[in-house]
Engineer: 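Please read through the structure below; I'll follow up with questions.
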Amino acid sequence: MLMQQTKQQTYTLLIDDGDEAVKEKKPSKSDNKRKGKVPVVREVRRKVDDDASESEEERVRDQKERQELEQHLRDLDTFRYHLTEQKLSKKEQEEALRRAKDDSHSSRKVSRQEYLKKREHKKLEELRDEIEDEQYLFSGENLTETELREFRYKKELYDLAKKRTEDEDNVEEEKRFAVAVQRYKDLDSREKMDPFAEWEDHQIGLARVRKSDGSVCRLESQYEDGMHPKEAQDAAEKTALEELQEVRKSLPIYGYREQLLQAVEEHQVLVIVGDTGSGKTTQIPQYLHEAGYTKRGKVGCTQPRRVAAMSVAARVAQEMGVKLGHEVGYSIRFEDCTSDKTVLKYMTDGMLLRELLGEPDLASYSVVIVDEAHERTLSTDILFGLDIARFRPDLKLLISSATMDAEKFSDYFDTAPIFSFPGRRYPVEINFTSAPEADYMDAAIVTVLTIHVREPLGDILVFLTGQEEIETAEEILKQRIRGLGTKIRELIICPIYANLPSELQAKIFEPTPEGARKVVLATNIAETSLTIDGIKYVVDPGFSKMKSYNPRTGMESLLITPISKASATQRAGRAGRTSAGKCYRLYTAFNYNNDLEENTVPEVQRTNLASVVLALKSLGIHDLINFDFMDPPPAEALVKALELLFALGALNKLGELTKAGRRMAEFPLDPMLSKMIVVSDKYKCSDEIISIAAMLSVGGSIFYRPKDKQVHADNARMNFHTGNVGDHIALLKVYSSWKETNYSTQWCYENYIQVRSMKRARDIRDQLEGLLERVEIEISSNMNELDSVRKSIVAGFFPHTAKLQKNGSYRTVKHPQTVHIHPNSGLSQVLPRWVVYHELVLTSKEYMRQVTELKPEWLIELAPHYYQRKDVEDDASKKMPKGAGKAAI
DNA sequence: GAGCACTGC
């Protein structure tokens, strides 16, 4: 663990220092521009006029330009190389480090101001640069009419814009927003508005129509919707089915069918290694069905993702010629598409775990297949630890994994045999940089442009770490391309990340127009969750954001960290799905070999385990320290979870599950939220509390805050905070207001609220409402008595309390540490004396997110076992910051 | 004045 941290730090340090060094060694502006920026973008392809008499001349010039460009690119490479060399000198590293330490604090403020100032002039500078570029590059050349006009126009624009860039920006963005709003207005039906529907449909469609050879056959749902005459329908069905059977036989796994079945017969646990495209996910369950395993019970196949479970089930149903939900079905949260007839059941791994809570021996299954086990989700790790196979000698367990982890799984399951067969994949050429990159964003952009200029057509996929980075990259790329106009091929930029509105997500699936190239700027979402056709080049800077949890402080953090080798391989593989491809890694082979971890740290080792422990306890597992985790989590994390559950009254002193604990375990929520719900029964406000619980569990993506509309968005948000009711009540107000408008999408837009998150909250709320019945809690509402709602919250979250300090910061009550109210909180200016918070996150400071005021005496009333008088003594005579300590209560 | 990667129940 220590080793790993050190490594990560060195890796990051190296890059930071590089940055510092760049600043110090920065060449003069024009110098920098000439070598670094201009030439790459500049050249490429000049517009060829129709005029035939000029064509020869054009060709010569084209050739000359191409040569120039090649030279520019070479210059650039050397330039970059030298820069990095300099950056890496030891002395400079130390110097940069020292300086960073000395004035990290004051420099933050300064840099903010600088940033604002810079932003103001950025656009202007860009334009000026463009003009200079043109003059520099094309001064001695005969420009075409159009190009001259363009140039003059730019110059005029620059002069004009100098005076009023800011205004223009606003007008432009105002327009864009209006268009977006209009588009939403145009869509009326709820189906259309379902943010998931679109791309989930797309993914399902993919599974349906993709043939093994990569070609597409159209047969989806033609015979299901009854649109065709009966005969045509039958005929279509027949040929479609026949064709599908052909396809099945052409899959790589087909040749191993008998061997595989024999291996399953002979061994209880089998590790299966088959590359993507081998057909294992769709075929193995069918083989097992054909071999008669389904006579003894269901065949269950788990997937890490909902879409995968749905789309694979749809595909298999089609191959078997049955209706989805009958013999073949799927089960995911909020959606159970199975029936009594179902023998092949695809499901999310979390779903199987939930089923296990009700049916601990999985009696209704004869085979369980855990697919994509190498992803090591929390659920698969727990499933493995439970070792169901030991109690059910007749249950077959198949684990499918990527090559490199197969041994590990085999060892874990008492040297279970490994069955491997080849997949279908195209070769991917891997390129490393010769020296470390100082700025991976810049390097990524240069690489994209270089590919665009040098390499044959084929789309590019760039892995970045988050929304902000993607937006920046998009901006820079657009701007660099814009200046070139017709001189290069068209480059279509497609951003993709989970929070992107779905109608914009759909853009990445549109086929690239003839002669153009698409560049997809993606987060990790493109690593596993979705596949994009036509990707031939992958640019991998080697970083991703990863959440980690500190069990000692209970603090979460989301940090940019180097990826693992396994991740790097996965990313590279994305280039070789439809043809041979290339992967550009923006780190050195040495970095790869020495600095990157073999595998990503499994989730179980970097998460809060409270709900896991509660689930295991409810399965009757008492000795958690010796639970057979494949990679055990830190003991501290387990202890912390046990302590919390004890404090919440879910476990007794002996560590046994209490009645309250049993009820809490029914809810698919963090135990503190479950506790809050269980207690709400007593305060007769379960209706309000489940809304709050649902809103809290969708996470922080409720309020929409576009860059250009921050003031409006903040105003809209503050409406829900009137009376300083606290963030929890504000969330409740958001939910009930939305409900009052009959779940209106329009209302969401008007109030800067994310529809997608609200719909998710509604789904969760519905589920929670259903579960209330199971734990015998009646729905009761007590909106007039907000203190009872607050008391329920405190009853669940009493370990998360903090008290205001003299300096305006807070100190957590039980395990003292200094924290602050998150600036996005409605109480960030109010500073109540006592607060309860939902979570603690470490970003630039230790922040409490979702905060509500409480009365200290409640702590004694609601958690007498946890707090003593002295903890909540309130020295009112002490001077508090001005205007603080007075909120709604 | 901050900044939510990605899943899942």
Side-chain angles (χ1 to χ4, degrees), chain A residues 108-109 112-113 115-116 302-309 331-336 347-358 372 375-383 463-472 496-500 522-530 543-548 556-561 563 567 570 600 602-604 606-607 611-612 614-615 665-670 673-674 694 697-707 710-711 713-714 754 756-757 760 763-764 767-768 771 820-825 828-829 839 841-845 847 849:
Chain A
R108 202 178 287 151
K109 277 185 207 153
R112 174 69 186 162
Q113 286 172 338
Y115 167 70
L116 285 173
T302 74
Q303 295 292 320
R305 278 166 292 278
R306 296 162 51 95
V307 247
S331 175
I332 57 180
R333 188 182 187 181
F334 310 131
E335 212 180 324
D336 184 7
M347 63 219 292
T348 45
D349 48 12
M351 206 64 202
L352 184 64
L353 199 58
R354 276 279 142 191
E355 272 190 26
L356 207 83
L357 294 178
E372 314 281 356
E375 287 198 27
R376 304 290 308 276
T377 68
L378 195 52
S379 304
T380 43
D381 268 20
I382 296 160
L383 282 171
F463 284 100
L464 297 170
T465 64
Q467 176 176 350
E468 201 178 348
E469 226 174 78
I470 289 174
E471 281 170 356
T472 321
I496 178 96
Y497 43 87
N499 259 343
L500 189 75
T523 57
N524 261 356
I525 195 170
E527 201 174 295
T528 47
S529 305
L530 55 87
F543 291 93
S544 71
K545 277 193 188 168
M546 195 155 69
K547 199 169 92 174
S548 53
E556 285 181 338
S557 49
L558 192 63
L559 298 171
I560 295 180
T561 32
I563 59 169
S567 249
Q570 175 73 23
T600 311
E603 195 183 356
V604 70
R606 48 185 176 86
T607 195
S611 54
V612 169
L614 183 60
E666 289 289 332
F667 295 96
L669 297 170
D670 183 281
L673 287 169
S674 313
S697 47
V698 295
S701 51
I702 301 272
F703 297 100
Y704 174 56
R705 203 162 178 265
K707 265 186 193 152
Q710 289 188 357
V711 182
D714 289 347
Q754 303 229 19
R756 171 171 20 185
S757 306
R760 200 176 149 69
D763 282 338
I764 297 174
Q767 188 188 25
L768 295 180
L771 289 171
H820 308 265
I821 295 188
H822 196 280
N824 282 355
S825 163
S828 62
Q829 303 300 315
E839 60 182 353
V841 286
L842 175 67
T843 51
S844 61
K845 273 186 188 173
Y847 283 114
R849 269 205 290 234

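Every value quoted in this text rests on a predicted model; they were computed, and no experiment measured them. Just so you know, these numbers use all the heavy atoms, side chains as well, and skip hydrogens, waters and symmetry mates.
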Engineer: Phosphate oxygens OP1/OP2 of B/dT7: is one of them under 4.0 Å from a side-chain N or O of A/T377?
Structural biologist: no
Engineer: Between atom CD in A/E603 and atom P in B/dC6, what is the gap in whole Å?
Structural biologist: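 For the pair A/E603 CD and B/dC6 P, the rounded distance is 14 Å.
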Engineer: Using a heavy-atom cut-off of 4.0 Å across all strands, would you classify A/E375 as base, sugar-phosphate, or nothing?
Structural biologist: nothing
Engineer: Looking at every strand, decide which applies to A/R849 at a 4.0 Å heavy-atom threshold: base, sugar-phosphate, or nothing.
Structural biologist: base
Engineer: Rounded to the nearest Å, what distance is computed from the CZ atom of residue A/R760 to the P atom of nucleotide B/dG8?
Structural biologist: 8 Å
Engineer: So, is A/S844 near the phosphate of B/dG1, with a side-chain N or O under 4.0 Å from OP1 or OP2?
Structural biologist: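 So the side chain of A/S844 is outside the cut-off, no N or O lying under 4.0 Å from OP1 or OP2 of B/dG1.
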Engineer: Rounding to an integer number of Å, can you tell me how far A/L771 CG sits from B/dC9 P?
Structural biologist: 13 Å
Engineer: For the side chain of A/T843, starting at C-beta, report the closest nucleotide among B/dG3, B/dA5, B/dC9.
Structural biologist: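 Nearest to the side chain of A/T843 among the choices is B/dG3.
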Engineer: Rounded to the nearest angstrom, tell me the gap between atom CD1 in A/I560 and atom P in B/dG3.
Structural biologist: 13 Å
Engineer: Could you tell me whether A/R305 contacts a base, only the sugar-phosphate backbone, or nothing, with contacts defined as non-hydrogen atoms closer than 4.0 Å?
Structural biologist: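 Touches sugar-phosphate only.
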Engineer: May I ask you to say what A/Y847 touches in the nucleic acid, namely base, sugar-phosphate or nothing, with a heavy-atom cut-off under 4.0 Å?
Structural biologist: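 Sugar-phosphate: the residue A/Y847, judged by heavy atoms under 4.0 Å, touches backbone atoms but no base.
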Engineer: Taking A/E469 first and then A/K545, would you say they form a salt bridge - that is, a charged N and a carboxylate O separated by under 4.0 Å?
Structural biologist: no
Engineer: Is there a side-chain contact between A/S379 and the phosphate of B/dT7, meaning an N or O under 4.0 Å from OP1 or OP2?
Structural biologist: no
Engineer: Is it the case that the side chain of A/S828 and the backbone of A/N824 share a donor-acceptor pair, with hydrogens and angles ignored and the cut-off at 3.5 Å?
Structural biologist: no
Engineer: Do A/M546 and A/T600 touch side chain to side chain, with heavy atoms closer than 4.5 Å?
Structural biologist: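 Sidechains of A/T600 and A/M546: in contact.
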Engineer: To the nearest angstrom, how far is A/L842 atom CG from B/dA2 atom P?
Structural biologist: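 In whole Å, B/dA2 P lies 13 Å from A/L842 CG.
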Engineer: How many Å lie between CD1 on A/I470 and C1' on B/dC4, as a whole number?
Structural biologist: 12 Å
Engineer: Please tell me which of the listed nucleotides, B/dC9, B/dG1, B/dT7, lies nearest to the side chain of A/S529?
Structural biologist: B/dT7
Engineer: Any side-chain N or O of A/R354 under 4.0 Å from OP1/OP2 of B/dG8?
Structural biologist: no
Engineer: Assuming nearest nucleotide by heavy-atom distance, tell me which of A/I496 and A/F334 is located more 5' along DNA chain B.
Structural biologist: A/I496
Engineer: Establish, with yes or no, whether the OP1 or OP2 oxygen of B/dC6 is under 4.0 angstrom from a side-chain nitrogen or oxygen of A/Y497.
Structural biologist: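 It does not, given that no N or O in the side chain of A/Y497 lies less than 4.0 Å from OP1 or OP2 of B/dC6.
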Engineer: Which nucleotide wins on minimum distance to the side chain of A/I525, given the candidates B/dC6, B/dA2, B/dC9?
Structural biologist: B/dC6
Engineer: Report which part of the nucleic acid A/I764 touches: base, sugar-phosphate, or nothing (heavy-atom distance under 4.0 Å, all strands).
Structural biologist: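 Here A/I764 touches no strand at all.
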Engineer: Between A/E556 and A/R849, does the salt bridge (charged side-chain N to carboxylate O under 4.0 Å, His left out) criterion hold? Intermediate values first, please.
Structural biologist: CA-CA 11 Å; A/E556 285 181 338; A/R849 269 205 290 234; 5.7 Å; no
Engineer: Start at the 5' end of DNA chain B and walk down; is the nucleotide closest to A/S611 or to A/R606 reached first?
Structural biologist: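 It is A/R606 whose nearest nucleotide is closer to the 5' end.
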Engineer: Sequence neighbours excluded, which residues qualify as salt bridge (charged side-chain N to carboxylate O under 4.0 Å, His left out) partners of A/E527?
Structural biologist: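 A/E527 satisfies salt bridge (charged side-chain N to carboxylate O under 4.0 Å, His left out) with A/R571 once adjacent residues are dropped.
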Engineer: Under the rule for side chain to side chain contact (heavy atoms under 4.5 Å, CB included), what residues qualify as partners of A/L559, not counting sequence neighbours?
Structural biologist: A/S557
Engineer: Name the closest nucleotide to the A/N824 side chain, picking from B/dC9, B/dA5, B/dG1.
Structural biologist: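 The answer is B/dG1.
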Engineer: For B/dG3, take OP1 and OP2 only and decide whether either is under 4.0 Å from a side-chain N or O of A/H822.
Structural biologist: yes
Engineer: What's the NZ-P distance between A/K545 and B/dC6, to the nearest Å?
Structural biologist: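 A/K545 atom NZ is separated from B/dC6 atom P by 9 Å.
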Engineer: Atom CD of A/E469 to atom P of B/dC6: distance rounded to whole Å?
Structural biologist: 12 Å
